[in-house]
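In what follows, every chain begins at residue 1, and chains take the letters A, B, ... in the order their sequences are listed. What you are looking at is a predicted structure, and each value in this text was computed from that prediction instead of being measured.
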Amino acid sequence: MTTIAIPNAVLPRTTRTSGEPVPLLTDADRKGLTKKEVAADHPTWCPGCGDFSVLALYFKLIERRKIWHEKITTVAGIGCSSRFPYFVQAHGAHYIHGRALPFASGVSLSRPDLHVFVFGGDGDAFSIGGNHFNHTARKNIKMTYVVMDNFVYGLTKKQTSPTSPIGFKSKTDIWGAVDQPINPLKQAIAAGATFVARTTHTNANHVLQMMEAAMDHDGFSFIECLSECIEFFPAAFDASNPRKGGKFDLIGPEHDVTDEMAAYKLADEPFPGKFGIFYKNNRPTKNKLEADIITNSRAKVKDLADWQILQKTFDRMK
Amino acid sequence: MSDTASANLTAPGGPPKLTKISEAVIRIAGNSQDGIQAIGGFLARLAGRSEQEVMTFMTIPSTISGGPSIFQVRVGSGEVLSSGDEADMLLAFYQHSYEDHISSLKIGGIVLYDSDHVEPKPEWQETYRHVGVQISGLTVEAIGGTGRDKGKNIYALGLLAKIYDLNVPKLTKLIEERFTGKDASVVANALTCFNAGYSNSLENLLKTYQFYPAEAKARPQIVMNGNEALAFGLIAAGVRFGAGYPITPWSDIMELLRRELPKYGGEFIQCEDELAAVSMAIGASYAGRVAVTGSSGPGISLKTEAIGWAVMAEIPLVVVDVQRGGPSTGMPTSIEQSDLNIACFGGHGDSPRVVIAPANVEECFHAAIEAVNIARKYSTPVLLLTDQGIATRIEAFDEPDLKAVCQDISPDLTAVQDHKPYDLNTTDGITRHLAPGTRVASGKYPVVTGLEHDELGHPTGSPTLHVKMNAKRRNKLRALSWELPVPKTYGPDEGQILLVGWGSAQGPLREAVDRARAVGDAVSCLHLRHLNPLPNDLEKVFRGFHHIFVVELNDENLYGFGQLAAILRGRYCDPRIRSITKTDGLTWKVKEILDRSRTLAQAIKSGEA
Ligand SMILES: Cc1ncc(C[n+]2csc(CCOP(=O)(O)OP(=O)(O)O)c2C)c(N)n1
Ligand code: SF4
Ligand SMILES: [Mg+2]
């Protein structure tokens, strides 16, 4: 008979035992968080980096929607943009390069009480994490994913990214990039994402609007947010910024967001293209489908304790 | 076969004489699509229901549509430690089964062959007792039909039942249970086949056999293979989330969990690859309840970066590695123990984690629970190393007291005043993971991270903090090592040779000790279940012996030492630690272990090794 060397133990919650029990708070007792309460470390980004506005608007979203610290989780991979979780005063995880989506899926699928936000860069999303992007989209796992697309690898200091335009001179393409770039919107639509939007860091109201719509979407909501890398690809998005002589064109009311072909076509417009919600549908989430499987499976064993369910199985293995 | 009666020479044609035996090794050889595993499975489950000990061994063809395959069953009234070196009985369905496996038979053993497919060789008639039965033809005769070979496995089971005087009502019940849910005619056909086999007069047989009654067991016996035991162990431990990507031989575990977990309110997700699988499991663990991922061979290599993250971020996790032959795609259906290094050290940087290897099917169940408890208590990834040998082998063991062992490990989300995920002011380095969803009244929330960090999880470039955090991650596993029981030797704690093994080597090693002791050789063995960290005080055990031979299924490597041997030499700096390794893809035979250790001891004595 085998013995278990390390039995199940009642574990202390945390190493810090600071006296009195924490008072329970009902939501009604609580005020919305202020910016000060949601801001953590001062961002390490270069002054002028587009990522600052995305962070500021995430704070705004939290304030506006009265989200408590513990109701969200902020997840990221690796990159300048992926440093995000350190700057947010809430539960967060800074995971490995390219794999933020499966990590976030694990959180989302096991914790329906949390809203999971994922932030990251174009390399993280479409190069090393490209396959996860496709599969998370097709499975429609509930979360909000904001890709801060700067068309370059920022953290590793100016290499070609999967969204770098042809001709972009980087340290790995000193003559100018030669590979066909990825179109994140087309990719998302083709992969089966159920919410696909595009915005840019220079239009604060629009970013917030897209984030709110994404958060309210029951499914995998993807936002491509143009976010300028002032250091390695300055002026990349001037053509989309009216203050720099460009034009910021919203998707018109005539566009049917449930029309996949129309969305795909709209996404194919050359830069600066359109901004807004390209595509949206209400396919059931994986969260829901898995929950249904659980409900059906439990219908047969509903009055039994877990050990009794296992006992029934073991009884058939004698 | 341990006969008690001496050979008896009843003339062929007369009634076979009944002989009492304490155990039998039966090797069934055919093609995998013939259902030979099913025969083995019936015998194993019958043994379980008869409170006999049983162990099986099978080879799976690596070809997709089947091919030569064997299933070996060892049934005994006393303790059965391994699946047996030599068979007492070979059941051969084809010429290739007959020719390839006759050498696995004891001299004087019985070869029961399908005379419709096997042409016996005259030169073997002297050495082995040949019993030919038209298995294919008689099966068709019994149930009619197309002449396809369906049912001949059950016919053969009938023959075995006759030869070994097996409990027919119990077997009948097992057959009925196995086919319930299918068409009634399927059950009827199976029983017809069985009865036809059972009533064959078996004219060439000299003896039939009967097992001594087994000693009554305190608890009912349960029969399953290692993959099943491990998966059910995880469920008992309270694991409710898993993620994986299919690969042999790990796939069985993920299929089982996918099917079973929803009953418990859990889910198992099939991912796009192993990188996603390990990440999803880590995400779920981070979310508050230890989750599981697993793989074999190349899939384990893919998971290493993420496992390193879990070490750094101190997130509990269970990773199952059902080892197979490597490197690369390697030998998918071979038995090997060559993942110890990647389990203990895989990945870049210094990343201490826990490695546990169960010794047999029963231990798979309990080790899974232990892995979960260690992962939680020490906030660390735990690798559970099994191998193809245990994974697919069926054993009967004491049914665990499920009410007592099943655990609830659902996350506690009550608010805390304050939390430091990487507190440096603990004596043993152990800190707790705080699940998201927990309110922290101080308003300072933890970030978990793979960057070197300060106590709150914020990045740091400070060399001092890196040194301190490295020490923290290392010290908590040192603390664990002091909690681990010091394993005891099997056999006296003093002698000439100490055989040290891990994983599936336990059974053959113990049997080797029994056999060596029976002829007066002072051999004992030591089995290590906890491989990283190792339990303390092993040097005290080593002190009792002249030689320490580590027996493992991997290569001796550049410097002549298998993977565990190299770790033990590094840990104990004891030059007496030597290595006995092999990579032929098969479990250890007892004889092999005895021969190799005698030769090695001899070579050391004569100064050749
Ligand atoms: C496995 C792995 N490969 C490479 C790297 C190095 N690396 C870190 S971030 C990065 C690319 C970052 O680009 P992007 O995702 O676009 O983020 P940005 O910095 O532009 O915000 C690379 C290549 C890494 N951390 N891990
Ligand atoms: S390198 Fe570019 S992306 Fe990174 S922080 Fe600086 S400006 Fe932003
Ligand atoms: Mg980038």
Side-chain angles (χ1 to χ4, degrees), chain A residues 1-9 11-16 18-20 22 24-25 37 40-41 68-71 73 85-86 89-96 99 102-107 109-111 113-114 131-132 135 290 293-294 297-298 300-301 306-307 309-311 313-314 317-318, chain B residues 48-49 220 222-224 235-236 241 262-265 267 272 275-276 279-284 286-287 305-306 309 362-363 366 369-370 373-374 377 398-399 402-403 406-407 412 415-420 423 426 431-432 434 436-439 441 443 445 447-451 458 483-485:
Chain A
M1 185 81 193
T2 328
T3 48
I4 296 172
I6 311 293
N8 193 15
L11 303 170
R13 296 296 311 289
T14 165
T15 48
R16 314 189 92 195
S18 37
E20 306 91 76
V22 183
L24 285 173
L25 284 187
E37 286 168 313
D41 295 4
W68 315 122
H69 286 131
E70 74 278 12
K71 298 293 181 200
T73 306
Y86 298 119
Q89 194 55 268
H91 288 282
H94 188 221
Y95 195 51
I96 55 179
R99 325 269 171 233
F103 181 103
S105 301
V107 182
L109 289 168
S110 55
R111 289 292 299 278
D113 56 318
L114 299 173
N131 200 32
H132 307 311
H135 288 273
E290 291 294 323
I293 293 175
I294 291 174
S297 308
R298 285 192 69 80
K300 293 166 209 138
V301 293
D306 286 356
W307 73 268
I309 305 173
L310 191 53
Q311 187 66 61
T313 306
F314 275 22
M317 302 183 85
K318 285 177 185 157
Chain B
R49 289 190 183 182
I222 178 145
V223 183
M224 62 180 80
I235 290 176
F241 190 95
K263 292 186 201 163
Y264 303 84
E267 53 200 69
E272 56 271 28
L275 307 161
S279 300
M280 213 177 270
I282 291 176
Y286 162 77
E305 187 198 1
W309 184 89
E362 180 181 17
E363 265 197 29
H366 297 286
I369 300 174
E370 192 173 83
N373 293 342
I374 293 176
K377 184 165 174 191
D398 287 357
E399 176 174 64
L402 292 179
K403 193 173 180 189
C406 283
Q407 316 181 156
D412 179 354
V416 297
Q417 182 57 44
D418 217 348
H419 181 72
K420 280 185 177 176
D423 195 344
T426 64
T431 43
R432 283 280 102 64
L434 192 74
T438 312
R439 187 166 68 86
Y445 281 82
V447 179
V448 293
T449 170
L451 276 171
H458 289 263
E483 277 201 67
L484 298 175

With chain A, which of [options] has the greatest number of heavy-atom pairs at distances under 4.5 Å?
| options | answer |
| --- | --- |
| Lys420(B), Met224(B), Lys377(B), Arg49(B) | Lys420(B) |
| Gly443(B), Ala441(B), Pro485(B), Gly48(B) | Gly443(B) |
| Gly265(B), Gly450(B), Pro220(B), Ala415(B) | Gly265(B) |
| Ala276(B), Gly283(B), Ala236(B) | Gly283(B) |
| Ile374(B), Val416(B), Ile369(B), Ile235(B) | Val416(B) |
| Gln407(B), Lys403(B), Glu483(B) | Lys403(B) |

Heavy atoms, side chains only, cut-off 4.5 Å: are [X] and [Y] in contact?
| X | Y | answer |
| --- | --- | --- |
| Glu70(A) | Thr438(B) | no |
| Val22(A) | Gln417(B) | yes |
| Ile282(B) | Arg99(A) | no |
| Lys263(B) | Lys300(A) | no |
| Cys406(B) | Asp306(A) | no |
| Glu267(B) | Ile294(A) | yes |

[X] versus chain B, heavy atoms under 4.5 Å apart: side chain, backbone, both or neither?
| X | answer |
| --- | --- |
| Ile293(A) | both |
| Ala104(A) | neither |
| Asp113(A) | side chain |
| Lys71(A) | neither |
| Val301(A) | side chain |

Using the six-membered ring wherever Trp is involved, compare the ring planes of Trp309(B) and Phe103(A) and label them parallel, tilted or perpendicular (cut-offs 30° and 60°). perpendicular
Approximate separation, where rounding is to 0.5 Å, of [X] [atom1] and [Y] [atom2]:
| X | Y | atom1 | atom2 | result |
| --- | --- | --- | --- | --- |
| Ile309(A) | Leu402(B) | CD1 | CG | 11.5 Å |
| Asp41(A) | His458(B) | CG | NE2 | 4.5 Å |
| Ile6(A) | Glu370(B) | CD1 | CD | 6.0 Å |
| Leu11(A) | Asp412(B) | CG | CG | 10.5 Å |

For Arg439(B), all residues meeting side chain to side chain donor-acceptor pair (under 3.5 Å), sequence neighbours excluded: none
Relative to chain B, which of Thr73(A), Thr313(A), Leu310(A) shows the most heavy atom pairs under 4.5 Å? Leu310(A)
Quick check for you: among Ala90(A), Pro85(A), Ser105(A), Ala40(A), which has the greatest number of heavy-atom pairs under 4.5 Å with chain B? Ala90(A)
Going by distance alone, is a donor N or O of one side chain under 3.5 Å from an acceptor N or O of the other, for Tyr86(A) and Thr449(B)? yes
Test of understanding: with ring pair (Phe, Tyr, Trp, His ring centres under 6.0 Å), list the residues that count as partners of His91(A), not counting sequence neighbours. Tyr445(B)
Which atom names give the shortest non-hydrogen contact between [X] and [Y], and what distance separates them?
| X | Y | result |
| --- | --- | --- |
| Asn8(A) | Asn373(B) | N-ND2, 3.1 Å |
| His94(A) | Val447(B) | N-CG1, 4.3 Å |
| Ser110(A) | Phe241(B) | CB-CD1, 4.2 Å |

